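Along the sequence shown, residues are numbered consecutively beginning with 1. Treat the numbers as computed from the prediction; the structure is a model and nothing was measured.
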Amino acid sequence: MRKPTIGDQELALLQHIDECGTASVGEVAASFGEPRGLARSTVLTMMERLRGKGYLKRRQLKGMFRYSTATGPGEVMRSAVGSFVEKTLSGSVSPFVAWLSERAEVSDTELAELEALVTQLQSRRKES
C-alpha cells in the first residue's frame, strides 16, 4: 500500500531528518525551521503529520522524543522520485531523460553514475 503524498516542504524536512539520522523537535526547529522562518510549533506539527503518514517514526530516549525516517537512509529521495515519475510523468522516464539530455551542467561524476545505471539496467534485461 502506498503512503500518502507529501508536499515540497515536508519532503525537505524528511530529507533533513534523513541526513541527521535521528533528531529531536528542538534540534530540527533550530537547524531546519529557523533558517526558513518556521516556528518550533510549525516544525512539530509537520513532523507529527509525517509520522501520521508513516514517513517518520519516533522513540523516547531519556525523556525526549527522537525522530528518524521510517525507511532506510536515502529511501526518502528514492520514494519521492518514484512518486514524481508515477504521478507527474505518468510512469515514463522519457521526459526526464529528455530534460537531462538538454541540461548542460551534467558533471563527470553524474555522467559516470548514469552510465553505470544504464549498464546495470542492460544487465538485468539480459538476465530476464
Without swapping roles, check the side chain of [X] against the backbone of [Y] for a donor-acceptor pair under 3.5 Å.
X    : Y    : value
T42  : L38  : no
E110 : S107 : yes
T119 : E115 : yes

Find out whether [X] and [Y] are in side-chain contact, i.e. whether some heavy atom of one side chain is under 4.5 Å from a heavy atom of the other.
X   : Y   : value
F32 : I17 : no
R36 : Q9  : yes
R66 : E27 : yes
S90 : S92 : no
L89 : F96 : yes
E10 : L13 : no
L11 : Q15 : yes
T22 : Y67 : no

Exercise: identify the closest heavy-atom pair between [X] and [Y]:
X   : Y   : answer
V43 : G33 : CG2-CA, 3.8 Å
A30 : P35 : O-CD, 3.6 Å
L56 : M47 : CD1-O, 3.6 Å
S68 : G21 : CB-O, 3.2 Å
G54 : A70 : O-CB, 3.3 Å

Listed by chain and number, what are the salt bridge (charged side-chain N to carboxylate O under 4.0 Å, His left out) partners of R40, not counting sequence neighbours?
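R40: no salt bridge (charged side-chain N to carboxylate O under 4.0 Å, His left out) contacts found.
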Who pairs with E48 by salt bridge (charged side-chain N to carboxylate O under 4.0 Å, His left out), at least two apart in sequence or on another chain?
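So E48 forms a salt bridge (charged side-chain N to carboxylate O under 4.0 Å, His left out) with R51, R58.
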Linked, directly or transitively: V93 and W99 (ILVMFWY side chains, under 4.5 Å):
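As far as the 4.5 Å side-chain criterion goes, W99 and V93 are connected within one cluster.
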Hey, any chance M64 and L50 share a hydrophobic cluster, counting ILVMFWY side chains that come within less than 4.5 Å of each other, even indirectly?
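Cluster IDs for M64 and L50 differ.
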Please report the interatomic distance [atom1]([X]) to [atom2]([Y]), rounded to the nearest 0.5 Å.
X   : Y   : atom1 : atom2 : answer
M46 : I6  : CE    : CD1   : 9.0 Å
F65 : L44 : CZ    : CG    : 10.5 Å
T69 : L14 : OG1   : CG    : 7.5 Å

